[in-house]
Undergrad: 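Here it is, the structure, as structure tokens.
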Amino acid sequence: MMITTNFDSGSINVINADHPQNINLRLRGDNQSCNAQWFHFRMDTTAREPHKITIVDAGSSTFAAGWSNYEAVASYDGQAWFRVPTHYNGKDLVIDHTPEHECVSYAYFPPYSQARQQQVLTDALTSKRCTHISLGHTPEQRSIDLLVVGRGQLDEGAKKKKVWIIARQHPGETMAQWFIEGLIARLLSNDETAEKLLDESTFYIVANMNPDGSAKGNHRTNATGVNLNSIWHKPSQAEAPEVYYVRKAMHAGGVDLFLDIHGDEEIPYSFMMGGKSSKQLTTRALTFKRHYEQVNADFQVAYDYDTHHAAGGQSCCGSSCSKNNARTIATDYVESTFGCLALFLEMPFKASDPDNQAQHVNPQDICKGLGASLLDTILHGIAKLST
Ligand code: ZN
């Protein structure tokens, strides 16, 4: 039996793997911080034999409360993913699975590779509506890619609403990039909603804010150990160029609507938060969320971090053990700087309804669907942006 992680976003440490019923692993953790949650590994083994895979330090991971009612995902081809029986006893996370084939991958959530990112970008650029701008480079010299989707002359573009959408500041939250894939596909599909949107707005999309962390298999931080969604007030060009350059591009052109896409380890529902700096924005945020709930059954407004904390739940997307203590998250910065509606979206690592078998097959499809549906809600919200 052999367990490997020497590929894009691979991450786990092997303690022993001498018998299918005695496989013990340890989370590897982010390269420059104490965060540990993401895992992704490949196992070459004997097919059709029960395997017991134990992650022995799950109880001391960054979001240990997230393991309750969680099921890992597996794949034989890296394309189709499915949930596998997983149990958490407060200390160990145990995966019980009988692989049908000799080669099987396991992950925290369906991984999103750099190769796929490149393919989506290349495909999008065959459309005349798309422009690619490399805003700068990460600490490990990867490009920080901005995709601009718009229609019309440049001078006309100045009058259009500027919709900024960023994803995957936290690299382990791969659902965010699946979401962006669904959104881009519909935006370029020529459907009626997309056409109307592009009449009135231009989209600025950063599909992956943290390509270094993604490639390294980090969960929370970039290559220098920074939690990107904590330093928007003063991003260092050296340590957090990802935010430094995106923020610079926002200041150069302005922002009329901002969405920051994430995943949450603990809460089994999709929800949005933001729009808290004025009564007008609070009302606009609620209208936006209620509309989204109407167009996609995988989104809801009843449960979020406020209700979660009120019910005694633990922390969320803001918590971190990275080197930055003071924190300004992206939505707070954008809302206070540009005075526009700025919301973050959280999608779950878990199935929101464990009894619904449809949620156990390709969970990334739910994220793509949410991305496509968001366009209906943005179109609905655009009319209100200028009021
Ligand atoms: Zn996040």
Side-chain angles (χ1 to χ4, degrees), residues 161-170 173 175-176 178-180 182-183 186-187 193-194 196-197 200-201 203-205 229 255-311 313 315-318 329-336 338-353 359 365-387:
K161 301 297 181 197
K162 294 177 174 63
V163 180
W164 274 83
I165 305 175
I166 67 168
R168 224 174 161 189
Q169 291 198 78
H170 298 135
E173 296 163 10
M175 54 284 282
W178 289 110
F179 174 100
I180 294 289
L183 183 142
R186 187 171 180 208
L187 195 54
T193 299
K196 283 185 186 167
L197 268 176
E200 301 183 40
S201 54
F203 281 71
Y204 299 82
I205 301 168
N229 200 27
V255 185
D256 295 303
L257 173 65
F258 175 65
L259 293 145
D260 182 17
I261 315 301
H262 289 262
D264 186 75
E265 294 78 6
E266 197 173 341
I267 298 176
Y269 309 109
S270 295
F271 59 92
M272 270 181 177
M273 297 188 78
K276 60 186 184 186
S277 62
S278 72
K279 236 180 197 175
Q280 189 192 28
L281 286 177
T282 303
T283 304
R284 201 175 283 172
L286 190 57
T287 305
F288 193 94
K289 290 188 277 188
R290 283 184 175 150
H291 185 273
Y292 199 22
E293 185 180 51
Q294 292 298 312
V295 298
N296 194 313
D298 291 314
F299 182 80
Q300 54 82 55
V301 296
Y303 208 85
D304 61 18
Y305 286 140
D306 289 342
T307 49
H308 183 65
H309 291 151
S315 199
C316 57
C317 216
I329 64 171
T331 45
D332 286 352
Y333 176 79
V334 172
E335 192 172 302
S336 64
F338 298 96
C340 68
L341 184 61
L343 299 163
F344 64 84
L345 168 69
E346 299 285 348
M347 291 173 283
F349 279 89
K350 305 172 186 178
S352 56
D353 179 3
Q359 292 192 357
D365 287 349
I366 293 173
C367 314
K368 286 161 83 172
L370 281 163
S373 297
L374 186 75
L375 296 186
D376 294 303
T377 300
I378 293 177
L379 181 62
H380 179 257
I382 286 278
K384 298 177 179 9
L385 288 177
S386 48
T387 60

Undergrad: Is a donor from one side chain sitting under 3.5 angstrom from an acceptor on the other, for Ser373 and Arg186?
TA: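 The answer is no; no qualifying pair exists.
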
Undergrad: Heavy atoms only: give me the nearest Val163-Ile382 pair and the separation to one decimal.
TA: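 In this case the closest contact between Val163 and Ile382 is CG2-CD1, 4.2 Å.
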
Undergrad: How long is the straight-line distance from CD of Gln300 back to OG of Ser270, given to the nearest 0.5 Å?
TA: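 One finds 7.5 Å between OG of Ser270 and CD of Gln300.
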
Undergrad: So Tyr305 and Asp264, do their side chains get closer than 4.5 Å, heavy atoms only?
TA: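 In contact.
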
Undergrad: With the side chain counted from C-beta on, respond yes when Ile267 and Glu346 share a heavy-atom pair under 4.5 Å apart, and no when they do not.
TA: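 Not touching, per the 4.5 Å side-chain cut-off.
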
Undergrad: Which distance, rounded to the nearest 0.5 Å, do you find between the CE of Met272 and the OG1 of Thr331?
TA: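 The distance works out to 11.0 Å.
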
Undergrad: Going from CD1 on Ile378 to NZ on Lys196, what distance comes out if it is rounded to the nearest 0.5 angstrom?
TA: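 With rounding to 0.5 Å, CD1 (Ile378) is 15.0 Å from NZ (Lys196).
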
Undergrad: Within this structure, what is the CG-OH distance for the pair Asn229 and Tyr333, rounded to the nearest 0.5 Å?
TA: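 Going from the CG atom of Asn229 to the OH atom of Tyr333 covers 13.5 Å.
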
Undergrad: Fit a plane to each ring of Trp164 and Tyr204, take the angle between them on a 0 to 90° scale, and name the class: parallel (under 30°), tilted (30 to 60°) or perpendicular (over 60°).
TA: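 Taking Tyr204 first and then Trp164, their aromatic rings lie parallel (interplane angle under 30°).
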
Undergrad: Run the side-chain contact (heavy atoms from CB on, under 4.5 Å) test on Val301 and Phe271 for me, step by step, so that the C-alpha distance in whole Å, both residues' side-chain angles and the decisive distance to 0.1 Å come before the verdict.
TA: CA-CA 6 Å; Val301 296; Phe271 59 92; over 6 Å; no

Undergrad: Write down the atom of Asn296, the atom of Asp298, and the distance for their closest heavy-atom approach.
TA: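 Minimum heavy-atom separation between Asn296 and Asp298: OD1-N, 2.8 Å.
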
Undergrad: Taking Leu257's backbone N and O only, do any of them form a donor-acceptor pair with Lys162's side chain (distance below 3.5 Å, no angle check)?
TA: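 The answer is no, because no donor-acceptor pair under 3.5 Å joins these two groups.
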
Undergrad: Could you go step by step and tell me if Tyr269 and Phe299 meet the ring pair (Phe, Tyr, Trp, His ring centres under 6.0 Å) rule?
TA: CA-CA 7 Å; Tyr269 309 109; Phe299 182 80; over 10 Å; no

Undergrad: Between Glu335 (side chain only) and Ser277 (backbone N and O only), is there a donor and an acceptor less than 3.5 Å apart?
TA: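 Yes.
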
Undergrad: Please name the pair of heavy atoms, one in Leu343 and one in Gly275, separated by the smallest distance, quoted to 0.1 Å.
TA: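 Heavy atoms only, the tightest pair is CD2-N, 4.2 Å.
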
Undergrad: Does any non-hydrogen side-chain atom of Asp256 lie less than 4.5 Å from one of Phe338?
TA: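 Answer no - side chains too far apart.
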
Undergrad: Measuring from atom OG1 of Thr283 to atom CD of Gln280, what distance do you get when rounded to the nearest 0.5 angstrom?
TA: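 Going from the OG1 atom of Thr283 to the CD atom of Gln280 covers 8.0 Å.
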
Undergrad: Do Lys276 and Asp306 sit within salt-bridge range, that is, some charged N less than 4.0 Å from a carboxylate O?
TA: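 Here Lys276 does not pair with Asp306 in a salt bridge, since their nearest N and O are not under 4.0 Å apart.
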
Undergrad: Taking atom CE of Met175 and atom CZ of Arg168, what is their separation to the nearest 0.5 Å?
TA: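 Rounded to the nearest 0.5 Å, the CE-CZ separation comes out at 10.0 Å.
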
Undergrad: Under the side-chain contact (heavy atoms from CB on, under 4.5 Å) criterion, do Ile261 and Met347 qualify, and how do the steps go?
TA: CA-CA 8 Å; Ile261 315 301; Met347 291 173 283; 3.6 Å; yes

Undergrad: What is the minimum heavy-atom distance between Ala330 and Asp260, and which atoms define it?
TA: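 So the minimum-distance heavy-atom pair works out to CB-OD2, 3.7 Å.
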
Undergrad: Got a donor-acceptor contact below 3.5 angstrom from the Tyr292 side chain to the Leu370 backbone?
TA: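 Checked: pair present.
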
Undergrad: Can you name the nearest heavy-atom pair linking Ala285 to Gly274, along with the distance?
TA: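 That would be CB-O, 3.8 Å.
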
Undergrad: Would you say His308's side chain and Asp304's backbone share a donor-acceptor pair under 3.5 angstrom?
TA: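 Absent.
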
Undergrad: Donor-acceptor check, side chain of Glu173 to backbone of His262, threshold 3.5 angstrom: yes or no?
TA: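 Not at all, since once roles are kept as given, no pair shorter than 3.5 Å links the two residues.
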
Undergrad: Let me know which of Leu374, Leu345, Leu183, Val334 forms a side-chain contact (heavy atoms from CB on, under 4.5 Å) with Leu259.
TA: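 The passing option is Leu374.
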
Undergrad: Quick check: closest heavy atoms across Ala167 and Ile180, and the distance to 0.1 Å?
TA: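 Taking Ala167 first and Ile180 second, the nearest heavy atoms are CB-CG1, 3.5 Å.
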
Undergrad: Will you find, in the side chains of Asp376 and Thr193, an N or O donor that is under 3.5 Å from an N or O acceptor?
TA: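 Looking only at side-chain atoms, Thr193 and Asp376 do form a donor-acceptor pair, the distance falling under 3.5 Å.
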
